[in-house]
Amino acid sequence: MTQRQDFHGGVGQVLQAKSVNQYTALVQLAERRPESQLQTEFAQRTGIWCPKPAREWLEHLMENQRFTVRELAVSWKAGSIGWSAEQDARRINTPWLEAVFAYGLVAALGLYCLTMAVPLIWSDPEGTQWAKTAVYGLCLIYLGICWMAHRFMLWPRRVALRVQRADD
């Protein structure tokens, strides 16, 4: 009386396959995962929930065009790159007005901080604590606005322009 044993894994698949082509087919069948699992894993890695064609496009950009997860996630969340469900095509949005606004905001706030800081410094030649605190506060506000303009307007636009060049 013989007892049949099923082997699972590499050796068992080779013994059951009887040829290299069948073994390759068995390995590919074992590696297939449902789309929902792929979507969940992609979202955990990148923070982006998107349809299958968009996921494949973003993975292609990361694998072949040297984009990082962080760059694509920032641009996706800012709306600079995306997926048009109606047209079933990628959407790249790089308005020049957004860049002009960001640079204008930084320049205007820089001038405002200078017009506020210079009189504070000149009005108090002894350098009392309140004048120094006011100038430091203005500098921190200016640096914060510069960071926000870069992070939420300029960086996503720059990545979207790189994506546009990579797709052409």
Side-chain angles (χ1 to χ4, degrees), residues 24-123 129-168:
T24 305
L26 284 172
V27 168
Q28 288 175 351
L29 183 64
E31 290 178 352
R32 286 190 193 140
R33 295 176 288 184
E35 181 62 26
S36 60
Q37 184 180 2
L38 294 173
Q39 290 289 339
T40 304
E41 290 172 1
F42 184 75
Q44 287 174 349
R45 281 193 334 260
T46 63
I48 300 172
W49 287 95
C50 58
K52 181 181 178 180
R55 178 182 55 79
E56 291 171 348
W57 172 54
L58 293 173
E59 285 178 346
H60 168 75
L61 288 173
M62 287 186 283
E63 291 173 7
N64 300 329
Q65 301 295 330
R66 302 179 118 179
F67 285 93
T68 64
V69 170
R70 187 171 180 195
E71 288 173 334
L72 293 177
V74 164
S75 288
W76 184 275
K77 291 175 184 174
S80 295
I81 61 173
W83 194 261
S84 173
E86 296 85 25
Q87 299 170 348
D88 197 33
R90 58 191 128 223
R91 180 184 48 78
I92 300 172
N93 185 19
T94 58
W96 62 271
L97 191 59
E98 188 174 280
V100 169
F101 177 73
Y103 285 119
L105 177 69
V106 168
L109 192 61
L111 288 174
Y112 176 74
C113 286
L114 282 176
T115 59
M116 297 300 286
V118 170
L120 282 173
I121 293 170
W122 284 346
S123 68
Q129 191 61 33
W130 73 270
K132 288 180 184 177
T133 304
V135 170
Y136 293 151
L138 284 172
C139 289
L140 285 176
I141 290 170
Y142 178 69
L143 291 176
I145 296 294
C146 289
W147 177 82
M148 287 190 295
H150 170 74
R151 172 68 170 75
F152 298 111
M153 289 185 232
L154 297 174
W155 187 25
R157 183 179 188 279
R158 188 183 75 214
V159 172
L161 288 171
R162 282 183 49 215
V163 168
Q164 192 171 27
R165 281 192 306 269
D167 280 347
D168 290 340

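- In this structure, Leu154 and Tyr103 have side chains that are in contact, with non-hydrogen atoms separated by less than 4.5 Å.
- The environment of Gln37 atom CD is dense: over 12 non-hydrogen atoms of other residues, nucleotides or ligands sit within 6.0 angstrom.
- The shortest non-hydrogen separation linking Trp76 to Cys50 is CZ2-CB, 3.6 Å.
- Interatomic distance, Phe152 CZ to Glu98 CD, rounded to the nearest 0.5 Å: 12.0 Å.
- Summarising the geometry of Ala73 relative to Ile48, their closest heavy-atom pair is CA-CD1, 3.7 Å, with the distance given to 0.1 Å.
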Working for salt bridge (Lys or Arg N to Asp or Glu O under 4.0 Å), residues Arg45 and Glu59 = CA-CA 11 Å; Arg45 281 193 334 260; Glu59 285 178 346; 3.4 Å; yes
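- Atom-to-atom distance recorded for Trp57:CH2 and Met62:CE is 11.0 Å, nearest 0.5 angstrom.
- Side chain of Arg90 to backbone of Ile81: no donor-acceptor contact under 3.5 angstrom is found.
- When all heavy atoms are compared, the tightest approach of Ser75 to Pro156 is OG-O, 3.1 Å.
- In this structure a side-chain-to-backbone donor-acceptor pair under 3.5 Å is present from Arg91 to Gly79.
- Side-chain atoms of Thr115 come within 3.5 Å of backbone atoms of Tyr112 as a donor-acceptor pair (strictly under, hydrogens ignored).
- Listed here is the closest heavy atom pair of Leu61 and Ala166: CD2-CB, 4.5 Å.
- Separation of atoms CD (Glu56) and CZ (Phe42) is listed at 10.5 Å; rounding is to 0.5 Å.
- Summarising the geometry, atom CH2 belonging to Trp155 is positioned 7.5 Å from atom CZ belonging to Arg158; distances are rounded to the nearest 0.5 Å.
- Nearest heavy-atom pair, Gln39 versus Trp49, reported as atom, atom and distance to 0.1 Å: O-CZ3, 4.0 Å.
- The shortest non-hydrogen separation linking Cys146 to Val106 is SG-CG1, 3.7 Å.
- For CZ of Arg70, the number of neighbouring non-hydrogen atoms (other residues, nucleotides, ligands) closer than 6.0 Å is 12 at most.
- Put simply, NE2 on His60 and CG on Asp167 are 7.0 Å apart, with the number rounded to the nearest 0.5 Å.
- At least one side-chain heavy atom of Glu35 sits under 4.5 Å from a side-chain heavy atom of Arg55.
- A heavy-atom distance below 4.5 Å is not found between the side chains of Ile141 and Cys113.
- Atoms OG and CG, from Ser84 and Asn93 in turn, are 12.0 Å apart once rounded to the nearest 0.5 Å.
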query = Going through the distances and angles, do Gln65 and Val163 end up as a side-chain contact (heavy atoms from CB on, under 4.5 Å)?
reply = CA-CA 9 Å; Gln65 301 295 330; Val163 168; over 6 Å; no
